[in-house]
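Step one of this worksheet: look at the structure below.
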Amino acid sequence: MKNEDDNISHDTSRVTPPSSSAPDEWLDNDVECAEEAVVSSSVVQRGEQGVPNPAAVTSSNKTSINLSNKNIEDHKASPQARRKKIKYLVIFALVFGIIGMTVGIIVASKKVKPVCKVYNEEELGNGVCNSDYNTEICEWDGGDCVEINKIVEMYPYCWESQMWHEYGTDFDSRWGDGTCDDWFNREVCGWDLGDCDLYNSLVNCDVLRPEYIGDGMCHIGDGYNTEACGFDGGDCKEFYEKYPNCTYEPKYWEGLTKVGDGICDTNFLGMNNEECGFEGGDCDEFQEKYPNCKAEIMNKLSDGHCDGGAYNTEACDFDGGDCAEFNEKYPNCSAFIVDNIGNGYCHGGEYNTEACDFDGGDCIEFNEKYPDCDVNNPDLIGNGRCGGEEYNTEACGFDGGDCDEFNQKYPNCNVKYPSWINDGHCNGREYNTEECGFDGGDCTEFNEKYPDCDVDIHSRIGDGHCNGGEYNTEACGFDGGDCTEFNEKYPDCDVDIPSRIGDGHCIGGEYNTEACGFDGGDCIEFNEKYPDCDVGFYYLFMGDGECYDKEEINTEECGFEGGDCIEFNKYPDCDVEFPQLIGDGECNSYFDNYNSEACGFDGGDCTEYNEKYPNCLASHLSLIGDGYCHSYMDKYMTAECGYDGGDCLD
């Protein structure tokens, strides 16, 4: 049946009553459950409203719900069953949770622990602190970095400086290793943990390798053996007390001479002589062995390589024995570059001689072909290009046939570069002759125009620029007409470069004459200002705003270099290489004498720095406070320099 809401309802009066022994609330519950089951089976959801299931309705009308006593008993037991079921579910969940946790712990414990990755096992724990392995995982480089890590805590800014990260590896092992390292010579690094105390006490000593100062070895050259550096930190004192007449000082290209290293560095013109104690004893053994050897580089002897010339002489024991095998083969060969002998290429001159076995056999084929051909580079013979002079001779097969065609055309043309003939450019002198076909025809047009013009570079004639000298002559058409206007203006002006006349710059000498219109008018103002100044070619330095202190023009007659040196002349005792740097707005403390009282402390440019940092020993004061931390440079990161003017404090 349907109720007012069109929902299916069931007649519960036909349900068999339960037994009287069942509690009322159980009965009510069971009946209610039965009703819900029937209703659920008879309704199909469609959209949001219930739609009757016809089959279910028909069935409900025909069938009554019978709840027997047995069914009621079963329902009486269902709450206990449900509780039991819940209990089992809880136990089941707890057991599986514990199992899951146990498995998780086991898996986690079996995970691979981080390992110390090393490139070379021998570097780990080798007694040298290696930055790459200075980690907890690597046990602080196998213990090598433990001590230095304690020091790092004392000097944290040194550790954080950029050079550490840039250089890394075993760089930190150099910190406090007993040798002054310029990288660590800063207050934040404890002056290399004291290693640089000696070097720093020499305030005016500026050398490339501070670690050489006071290392027990006398270094001569590059500024080490000077008073400013305490004569190499005292290392050279004993040497010069012993050999006061030794005045040798290596030139900058000769490098550094180390006295006392056991290696004979210099030759007899350097320190390998009696005055210098044969390099302080380093060359004693050499002198005993080779007292009369005049070879240039001592350590080439007995180096396993045969050197010719002065080395391969009896006085030098034939290069300390290195040339024994060579001399057995070629006892009378005096070739300088021994390696050229028998290297597969035929070399001429002293190599292609009987004494040298005709270049160790390399020239045998060439000599068979051209027995009387004597040239320095036999390999150029027959290379496809005609070579002149001694190559283009009958003895050399006219350059191995390369000059046959040229000689047929120009049999009497003897020039250094035959390839220039008929190359499209008119070449003068010996090329522009009848024998050479007037440069193979290249000069025909030029000769028709200027038959008597004999100049080196014909292409300059008529190139649009007036060239002086032999070009600006009647024979050469006054430089092919390029000098016509100039000659009309200045008929008696004879200068090498006429284009400089009236170019806007006053040039002295022959240009600043009446015949040349006082340099085409360029020097009129100058002559009015400085009538007695003979500037010559120093005009380039006049009035450009920079004082060069040229004695020829830094005179009263020349207005003290056109006014450029007026300020500089305020410092009469200032002796510097570049006067123009004085008072240029930048403190030039690096060069000698600029930041001195005699030079007005660089013309005042260094005054502020000197007041601010009177005890700063940095070499470039202008870098202090420029916004960049120069932590990698010596002496900047100090309290005296305000930690690079504050740039290194952040």
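Values below: every heavy atom of this structure, side chains too, minus hydrogens, waters and symmetry copies.
The ring-ring contact (aromatic ring centres under 6.0 Å, His included) check on Tyr330 picks up Phe326, with sequence neighbours excluded. The side chain to side chain donor-acceptor pair (under 3.5 Å) search around Tyr133 returns Glu123, not counting sequence neighbours. For the side chain to side chain donor-acceptor pair (under 3.5 Å) test, no residue two or more places apart in sequence or in another chain qualifies with Asn126. With sequence neighbours excluded, no residue satisfies ring-ring contact (aromatic ring centres under 6.0 Å, His included) with Phe358. With sequence neighbours left out, the ring-ring contact (aromatic ring centres under 6.0 Å, His included) criterion links Trp140 to no other residue. Partners of Ser201 according to the side-chain contact (heavy atoms from CB on, under 4.5 Å) rule, which considers only residues two or more places apart in sequence or in another chain, are Leu198. Applying the salt bridge (Lys or Arg N to Asp or Glu O under 4.0 Å) rule to Glu211 yields the partners Arg209; only residues at least two apart in sequence or on another chain are considered. Evaluation of the side chain to side chain donor-acceptor pair (under 3.5 Å) rule for Asp362 yields no partner, not counting sequence neighbours. By the side chain to side chain donor-acceptor pair (under 3.5 Å) test, Asp605 pairs with no residue at all, sequence neighbours left out.
Of all heavy-atom pairs spanning Leu202 and Gly230, the tightest one is CD2-N, 4.0 Å. Shown here for Trp420 and Asn427, the closest heavy-atom pair between the two residues is O-ND2, 3.4 Å. Closest heavy-atom contact between Cys356 and Ala335: SG-CB, 4.3 Å. Closest approach of Cys145 and Asn134 over heavy atoms only: CB-OD1, 3.2 Å.
Classified by interplanar angle (parallel below 30°, tilted 30° to 60°, perpendicular above 60°), the ring pair His347/Tyr351 is tilted. Ring pair Tyr224/His219 is tilted by interplanar angle, where 30° to 60° counts as tilted.
Atom CD of Glu238 has 12 or fewer neighbouring heavy atoms from other residues, nucleotides or ligands inside a 6.0 Å radius. Heavy atoms from other residues, nucleotides or ligands lying under 6.0 Å from CD of Glu139 number 12 at most.
In this structure, Asp423 contributes its side chain and His425 its backbone to a donor-acceptor pair below 3.5 Å.
Applying the side-chain hydrogen bond (donor to acceptor under 3.5 Å, both in side chains) test to every pair with at least one member in residues 312-327, sequence neighbours left out, gives these pairs: Asn312-Asn327. Applying the salt bridge (Lys or Arg N to Asp or Glu O under 4.0 Å) definition to pairs two or more places apart or across chains, none involves residues 380-400.
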Show the atom names and distances, to 0.1 Å, of all donor-acceptor pairs under 3.5 Å that link a side chain in residues 365-379 to residues at least two apart or in another chain.
from, atom 1, to, atom 2, distance (Å)
Asn367, OD1, Asn352, ND2, 3.0
Asn367, ND2, Asn352, OD1, 2.8
Asn367, ND2, Cys363, O, 3.1

